[in-house]
Amino acid sequence: MTLTARTVSDILTQAGIKPSAQRIAVMRYLLTHHTHPTVDEIYRDLLPEYPALSRTTVYNTVRLLVESGCVNHIGIDSANSRFDGATHPHAHFICQRCGAIHDVELTLLPQPPHGLSVNDTQVYFRGVCQNCQTTN
């Protein structure tokens, strides 16, 4: 799928969010940058293209996107809130040396006990990535 402004606008509209240039830019960024960025990283990267953009606008947009289910807040990094545009069930791996976060596809997701309603599942792996292992 090509992520044109129109495509992203449609995604936002379907989620009940009124599209604006800033919201489209933030959503497109999260859908195309699989680095699990922080609000500050999103802001810094979008600022050259959107000089009137504020950090508060990015924060409020990300919060709205999380509330609507368009993106996920992931709590793998204890120092920073990170966000993920991939909302399908998957796990995350964080390298304890370089801090890189990688998606990990799940082959089996445990089922909750009968009668419980699950709203969110997060699975994390911590360790050392291949790149850090080879540059030891």
Side-chain angles (χ1 to χ4, degrees):
M1 169 191 350
T2 303
L3 286 173
T4 65
R6 182 77 228 151
T7 303
V8 177
S9 177
D10 290 345
I11 293 168
L12 295 175
T13 300
Q14 289 172 3
I17 298 172
K18 183 178 176 185
S20 67
Q22 294 88 352
R23 288 174 177 173
I24 291 169
V26 171
M27 184 67 192
R28 183 188 291 167
Y29 185 93
L30 286 165
L31 290 172
T32 58
H33 291 76
H34 305 285
T35 57
H36 310 88
T38 65
V39 166
D40 284 340
E41 290 168 343
I42 298 166
Y43 170 73
R44 181 192 66 232
D45 290 351
L46 291 178
L47 192 58
E49 189 176 344
Y50 299 90
L53 186 67
S54 73
R55 191 174 269 105
T56 301
T57 297
V58 175
Y59 173 81
N60 288 336
T61 299
V62 169
R63 184 175 45 83
L64 180 63
L65 294 171
V66 169
E67 289 171 358
S68 72
C70 289
V71 302
N72 288 328
H73 171 260
I74 58 173
I76 192 169
D77 180 353
S78 61
N80 298 292
S81 288
R82 297 192 167 270
F83 302 93
D84 192 353
T87 58
H88 69 281
H90 64 284
H92 293 99
F93 173 90
I94 187 168
C95 179
Q96 293 173 303
R97 288 190 188 157
C98 69
I101 300 172
H102 305 274
D103 288 338
V104 177
E105 295 306 320
L106 296 172
T107 55
L108 178 65
L109 194 59
Q111 297 301 308
H114 180 71
L116 298 180
S117 175
V118 175
N119 295 325
D120 183 39
T121 300
Q122 295 193 21
V123 177
Y124 302 130
F125 298 96
R126 295 182 196 305
V128 180
C129 71
Q130 273 186 325
N131 187 47
C132 287
Q133 289 177 38
T134 59
T135 58
N136 206 359

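One is the number of the first residue; the rest follow in order along the sequence.
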Following the transitive rule for hydrophobic clusters with a side-chain heavy-atom cut-off under 4.5 Å over Ile, Leu, Val, Met, Phe, Trp and Tyr, establish whether Phe93 and Ile101 coincide in one cluster.
no
Of all heavy-atom pairs linking Tyr59 and Val39, the shortest is N-CG1, 3.9 Å
Asn72 CG to Arg82 CZ distance, which is reported to the nearest 0.5 Å:
15.0 Å
Quick one: OG on Ser20 to CG on Leu12, what's the gap to the nearest 0.5 Å?
8.0 Å
Looking at every heavy atom in both Cys129 and His102, which two are closest together, and how far apart are they?
CB-NE2, 4.2 Å
How close do Met27 and Cys70 get, heavy atom to heavy atom, and via which atoms?
CE-O, 3.7 Å
Report the distance from atom CG of Leu30 to atom CG of Leu3, rounding to the nearest 0.5 Å.
11.5 Å
Around Glu105, counting heavy atoms of other residues, nucleotides and ligands shown, do more than 12 lie under 6.0 Å from its CD?
yes
State whether Arg44 and Asp40 are salt-bridged, where the test is any N-O pair (Lys NZ or Arg NE/NH1/NH2 against Asp/Glu carboxylate O) under 4.0 Å.
no
Rounded to the nearest 0.5 Å, what separates atom CD in Glu41 from atom CG in Leu46?
11.5 Å
Show the nearest heavy-atom pair for residues Val71 and Gly85, with the distance to one decimal.
CG1-CA, 4.0 Å
Kindly compute the distance separating CD1 (Ile24) from CZ (Arg6), expressed to the nearest 0.5 Å.
8.0 Å
Arg23 side-chain N/O to Lys18 backbone N/O, donor-acceptor pair under 3.5 Å:
yes
From Thr61 atom OG1 to Leu65 atom CG, the distance as rounded to the nearest 0.5 Å
6.5 Å
Name the residue from Ile76, Asn80, Ile94, Ile74 that meets the side chain to side chain contact (heavy atoms under 4.5 Å, CB included) definition with His36.
Ile74
Restricting to side chain to side chain donor-acceptor pair (under 3.5 Å), what partner residues turn up for His90, sequence neighbours left out?
Asp84, His92, Asp103
Heavy-atom donor-acceptor pair, Gln14 side chain to Ile11 backbone, under 3.5 Å:
no
If I compare all heavy atoms of Phe83 with all of His73, which pair ends up nearest, and what's the gap?
CE2-CD2, 3.5 Å
Do Tyr43 and Thr57 come close enough that some side-chain heavy atom pair is under 4.5 Å?
no
Smallest heavy-atom separation, Arg97 atom then Cys132 atom, equals NH1-O, 3.3 Å
